[in-house]
Amino acid sequence: MSAFFQLAALFLLLNVGAGLLRILRGRTTADRLLAVQLFGTTGTAILILLSLATGESAYQTIALVFAILAGVLGIVFARYGQPSAPASAQSQELKHELN
Amino acid sequence: MIGSAVLYALGGVALFGMGLYALLAYPNLLRKILGMNVMGTGAFTILIAAAYRGSDAAPDPVPHALVITGIVVSVCATGLALSLAVRIQAVTGAAYLTPDEEDAP
Amino acid sequence: MSLIDLITILLIGAGCFFFLAGTLGLLRLPDVFTRSHAITKADNVGLMLIMLAAALQVETWATRFKLGLIWILTLTASATVAHLIGRAALNAEQKPWEEST
Amino acid sequence: MTLQLAFDVVLIVTLVTCAWAALTAPDLLRSVVLFIAFGLLLSFVWVRLQAPDVALAEAAVGSGLTGALLLSTLNVMRQKEAQIAQESTDAARESESEQEVAVAQDS
């Protein structure tokens, strides 16, 4: 039974890796935000499965923190994450030189 | 047969090296701060991997206490560094380090 | 293997399928709005199925209450965040995707 | 046993890839998003190394608080950058119009 839980956790971890691909490739910031949202939900599920596999109930508390964190991070992102000021083409070029 | 703790310790070494590279190679201050954070994370990973004693034995508590303190301290240091970076940009108008006047050729 | 273990395996398998569907949607769908649709619905159903399986396996009612709390929090957070992201994407004047005929 | 080892290997590969992408991404906002994802993956590492206390501190403080700090700082710095660029274009336009006035007076 424990091996089955481990296998499911491994499968969900591979899902997280695929979501990382979306962050790397994603065209807009909103796409990357959605991928972080996926990380939160899938991470909660992985932690629940690991707590079932090892019988350690402390992992469920970490899952609770993940669930809270996903919401807070999403709201902070939606507030600050968008490119806000009317950045001119010149400042865009400058940014690429400096980064 | 390599144990998983050794694998994690090697990953920590890789993280430390990558953070050091970013700290040295990029001029942008925010990116230097990110590199510093990744460096610290690598050190934490090595410490926790050293504390691991197999899947059914209790791990060594002292490195855990060290690492928790280290995480909190690194957040404080990051906050200070970020506020310094904002100040540097406000004074010099650039978010990267510029050479001093007398150093300039 | 008892009946409860069999039901657990079935529930976790179904949950993993829903997570796979959500990830495929994130990777393959054409724009932000359709992707947020895939993420918020499929992943929350997958999480619910895995939570049900975990509730069958744990011993105490306090733990089951904690699992339910986690699920409700995730549901609220993902609905809020999907709404905020969609509105921000509309404000940034991203046109919703239309099928090219 | 081998299943656990496979989990470890996948986790380490994902973690190192995520860190490298965060450090070398061309856009700073993407760097910050990847850094937050890196923090979430890191707390899995600490769960696997039997350190749930450290994982709790990392998820709440290391990933959440640091991510919020980085994002708000990035916002402040970008606004300042746009302001500086705006001022420089304004100054350039002013000097241009002054030159035009001078040319008009000459002729």
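The chains referred to below are lettered A, B, ... by the order of the sequence lines, with proteins before strands, and numbering in each begins at 1.
- Residue D:T24 touches chain B through both its backbone and its side chain, counting heavy-atom pairs closer than 4.5 Å.
- Contacts between D:I12 and chain B at a heavy-atom distance below 4.5 Å involve the side chain alone, from C-beta outward.
- For B:L15, the part lying under 4.5 angstrom from a heavy atom of chain D is the side chain only.
- At a 4.5 Å heavy-atom cutoff, the contact between D:L65 and chain B is made by side-chain atoms alone.
- Within the 4.5 Å cutoff, the side chain of B:T41 has no heavy atoms near those of the B:F16 side chain.
- Heavy atoms of D:L11 lying under 4.5 Å from chain B belong exclusively to its side chain.
- Among D:A51, D:A57, D:G62, the residue making the largest number of heavy-atom pairs under 4.5 Å with chain B is D:A51.
- There is no contact between B:A65 and chain D, counting heavy-atom distances below 4.5 Å.
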Before giving the answer on salt bridge (Lys or Arg N to Asp or Glu O under 4.0 Å), spell out for B:R31 and D:D27 the whole-Å C-alpha distance, their side-chain angles and the decisive distance to 0.1 Å. CA-CA 10 Å; B:R31 219 172 266 272; D:D27 176 34; over 6 Å; no

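- Contact annotation for D:I84: only side-chain heavy atoms (C-beta onward) come within less than 4.5 Å of a heavy atom of chain B.
- Neither the backbone nor the side chain of B:A50 comes within contact range of chain D; no heavy atoms are under 4.5 Å apart.
- Across D:V61, D:L69, D:T66, D:V54, the residue that shares the most heavy-atom pairs under 4.5 angstrom with chain B is D:V54.
- Between chain D and the options B:G11, B:P59, B:A58, the largest number of non-hydrogen pairs under 4.5 Å is found for B:P59.
- Contacts of B:Y21 with chain D are made by side-chain atoms alone, with heavy-atom separations under 4.5 Å and no backbone atom involved.
- Looking only at side-chain heavy atoms (C-beta outward), D:L29 and D:L71 come within less than 4.5 Å of each other.
- In this structure, the side chain of D:S63 engages the main chain of D:I36 through a donor-acceptor pair within 3.5 Å.
- B:K32 contributes a side-chain N or O that, together with a main-chain N or O of B:Y26, makes up a donor-acceptor pair within less than 3.5 Å.
- Within the structure, side-chain hydrogen bond (donor to acceptor under 3.5 Å, both in side chains) pairs that include any residue of residues 74-90 of chain B comprise B:N37-B:T78 (at least two apart or interchain).
- Evaluation of the side-chain hydrogen bond (donor to acceptor under 3.5 Å, both in side chains) rule for D:D53 yields no partner, not counting sequence neighbours.
- In terms of modelled atom types and a separation under 3.5 Å, the side chain of B:S4 and the main chain of D:D8 share no donor-acceptor contact.
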